[in-house]
Every structure is written in C-alpha cells, then in structure tokens.
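Have a look at the structure below, then the notes.
Numbers restart at 1 for each chain; the letters A, B, ... are given by sequence-line order, proteins then strands. Computation of the quantities below employed the complete heavy-atom set of this structure, encompassing side-chain atoms and omitting hydrogens, waters and symmetry-equivalent molecules.
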There are 2 protein chains.
Amino acid sequence: MTATRSTRQRDVISRVLTDAEGPLGVAEVLRRAQADLPGLGIATVYRTLKLLTEQRRIHPVALDGETLYEASGRGHHHHFSCNRCTRVFTLHSCPLSLPAGGMYPGGFVVEAHEVTLYGLCPACAAQDS
Amino acid sequence: MTATRSTRQRDVISRVLTDAEGPLGVAEVLRRAQADLPGLGIATVYRTLKLLTEQRRIHPVALDGETLYEASGRGHHHHFSCNRCTRVFTLHSCPLSLPAGGMYPGGFVVEAHEVTLYGLCPACAAQDS
DNA sequence: ATACGTGCAAAAAATTTGCAATACT
DNA sequence: AGTATTGCAAATTTTTTGCACGTAT
C-alpha cells in the first residue's frame with residue numbers, strides 16, 4: 001500500500017501555510033520554510049504542495065495570474081488583493097447574495113463561488129492621508 | 001514618438017477575442033488566429049496580448065490557475081465555470097452587494113471586484129435529468 | 001524611406017522528473 | 001530493514017528576448 005510518511009519538510013511547509021495571513025505563492029512558501037529548513041529544495045515544495053492539495057489539506061487559489069495556496073478548513077472566506085503593495089488578505093465576510101436554492105438565472109446550478117476584491121489595503125489607503 | 005501600427009496579426013488576434021464566447025488562454029488564441037494566419041508565431045501572440053492589455057482593449061482573467069484574456073468594454077459581468085464540461089460562461093448580472101462608498105469593513109478601499117461561480121451549466125445540469 | 005512589427009531561434013523562467021543518498025516507520 | 005522522500009541536476013514546459021527581414025505609414 002502507499003504509505004504517506006510524515007517528514008520535517010512536510011510539517012514545515014504545512015505550518016507555513018497554516019500560519020500565513022493569506023494565500024502564498026511557491027516562492028514565498030519556499031522562503032518562509034527555509035527559515036526552519038535552510039537546505040529545503042524548490043522541487044520538494046512543488047511536490048509537497050501537490051501532495052497536500054490532493055489530500056485536501058490545502059487548496060490553490062488563482063489570483064493575478066499566479067497560483068497561490070492556502071490551508072483548507074478555514075471556513076467560508078474571500079480575498080482582497082491590494083493594488084499597491086500586491087499583498088493578498090483574507091476576508092471573513094461574504095458580500096455575495098445568491099438566489100436561494102443555488103439556481104442562478106439562466107439555469108446555472110451554483111455549487112461554489114469565489115470573490116476577489118481589488119483596491120487599497122488599510123495600510124496603503126492610509127498613505128493617501 | 002511611439003507609433004502603434006495596425007497589422008494583420010493584431011487585427012486577427014483582436015477579433016478572435018471579440019468573437020469569443022468567453023475568455024481564452026494563450027494556446028487557444030493562437031489556435032483560432034492561425035485559422036486566418038497560418039504562419040502566426042506564439043511570440044507574436046504573447047506580445048500582442050501584452051500590448052492589447054496595456055491599451056485596455058482586453059484584460060486578463062485568472063481562472064483555474066490559467067491566465068485567460070477577454071475583450072474589454074462588455075460592461076460589468078462575471079464568470080461561471082462548469083465543473084463538468086469546464087467551459088467558462090459570461091454572466092451579465094452581478095450578485096455582489098458591497099457597502100456604499102467602496103469602504104469594506106476593516107478599512108479596505110474597494111476599487112474593483114471579480115466573482116466566479118462554479119457548478120453545473122444549464123446543459124450539464126439537464127443531463128442529471 | 002523610416003522604423004515598427006514579425007517569425008524564428010536562442011534565452012530565461014517556471015515546473016517536473018530521474019536518481020542516488022537519506023530518513024521515516 | 002525496507003521503502004517513501006529528499007536534494008540536486010537534468011529535462012520539460014512556458015514565456016520573453018535578440019535580430020535580420022518584412023511591412024505599415
């Protein structure tokens with residue numbers, strides 16, 4: 001049988017995503033994980049992100065043409081992408097109002113949705129005084 | 001001064017996106033454009049998509065990890081991605097209700113937004129009888 | 001006629017894979 | 001001990017760039 005082992009690399013990469021303030025890209029995951037595992041290779045990051053995704057422990061988020069990853073099980077939420085500092089934040093409220101029953105005009109059956117807001121994050125907005 | 005010329009390549013690529021039923025990826029743009037311009041190179045597609053994007057004549061859409069492009073000026077709309085047939089549809093209504101003034105709880109200044117619904121398109125939903 | 005634009009091929013960047021050494025169980 | 005996993009480097013993509021030739025103005 002296919003045994004999936006627990007390794008230091010997987011633990012660290014998992015924790016990096018769990019501790020993150022929002023979804024992270026491959027390069028950022030590598031950078032943060034290397035704080036604990038200096039020798040970590042990029043190939044392991046790719047392989048681990050794929051594995052964790054298959055296990056549904058994390059999931060990919062397509063944003064600004066890049067694929068970011070975030071830990072699963074954080075409940076329903078959406079993202080805010082800052083046009084100035086490019087950081088991505090997690091929003092815990094949902095601004096969407098869908099028809100009850102999950103049926104959208106035109107006959108589309110809605111099973112899930114994704115919302116991304118773009119603009120200025122609190123810090124960048126403050127700079128405009 | 002920087003003169004931007006009108007060329008057969010640019011015209012065809014523009015038209016491909018204007019005629020498309022939804023946003024298209026680079027490979028699909030090349031494929032469709034080559035119907036009119038057999039010798040068209042992929043480099044020209046990349047360069048033209050970048051140019052048209054800078055001119056705001058088209059814009060990128062991050063969807064399922066791929067960057068797709070669609071013609072601008074079609075009014076406010078969103079996308080529906082079918083989980084079964086994977087086609088992407090354009091939705092002309094907006095299910096979002098944002099706070100007036102563009103200020104989102106937490107101090108985020110919202111300038112734009114993107115919504116993607118996932119589920120079954122009318123055709124695929126019908127198959128479930 | 002003057003350059004901007006194109007296609008091709010080379011270059012650079014991003015992602016995947018093969019393999020011997022390493023580390024879980 | 002046995003084998004899944006890792007790091008490195010090589011192999012694949014994917015996207016960008018240099019250049020001589022073609023073409024719009």
Practice item. Remember a base hit wins even if backbone is also touched, and classify B:Arg10 as base, sugar-phosphate or nothing at under 4.0 Å, heavy atoms. Key: sugar-phosphate

Check your understanding: Looking at B:Glu111 and A:Asn83, what are the two nearest heavy atoms and their distance?
Key -> OE1-ND2, 2.7 Å

Point to revise | Euclidean distance, atom CG of residue A:Leu49 to atom P of C:dT16 [Å, nearest integer] | key: 10 Å

Practice item. Mind checking B:Arg8 for me? I need base, sugar-phosphate or nothing, with any heavy atom below 4.0 Å counting as a touch. Key: nothing

Review point. Can you tell me how far P of D:dT14 sits from CG of B:Leu68, to the nearest Å?
Key: 14 Å

Practice item. Tell me whether B:Tyr69 is reachable from B:Val61 by hopping between hydrophobic residues (I, L, V, M, F, W, Y) whose side-chain heavy atoms are closer than 4.5 Å. Key: no

Point to revise | Rounded distance in Å - CD (B:Gln9) to C1' (D:dG22) | key: 10 Å

Point to revise | Atom-pair distance (CZ on A:Arg5; C1' on D:dT6), nearest Å | key: 12 Å

Practice item. Return the 5'-most residue of the pair B:Lys50, A:Ala43 with respect to DNA chain D, ranking by each residue's nearest nucleotide. Key: A:Ala43

Revision key, fill the gap. Quick note, B:Arg47 side chain, CB onward, closest among D:dT25, D:dG18, D:dT14 is D:dG18

Practice item. Grab the CD-C1' distance between B:Glu66 and D:dT15 for me, whole Å please. Key: 13 Å

Exercise for review: Return the value, rounded to whole Å, for the distance between atom CG of A:Leu51 and atom C1' of D:dA4.
Suggested key: 11 Å

Exercise for review: Send over the distance from B:Ile42 CD1 to D:dT17 C1', rounded to a whole Å.
Suggested key: 15 Å

Study note, to complete from the structure: 5'-most contact on DNA chain D (nearest-nucleotide basis), B:Tyr46 vs A:Thr44, goes to A:Thr44

Point to revise | Closest contact, heavy atoms only, B:Leu120 versus B:Cys82 | key: CA-SG, 4.1 Å

Practice item. Return the minimal non-hydrogen interatomic distance between A:Asp36 and A:Arg8, and the atom names on each side. Key: O-NH2, 3.9 Å

Check your understanding: Taking CD from B:Gln34 and C1' from C:dG7, how many angstroms apart are they, rounded to a whole number?
Key -> 12 Å

Exercise for review: Report which part of the nucleic acid A:Leu40 touches: base, sugar-phosphate, or nothing (heavy-atom distance under 4.0 Å, all strands).
Suggested key: sugar-phosphate

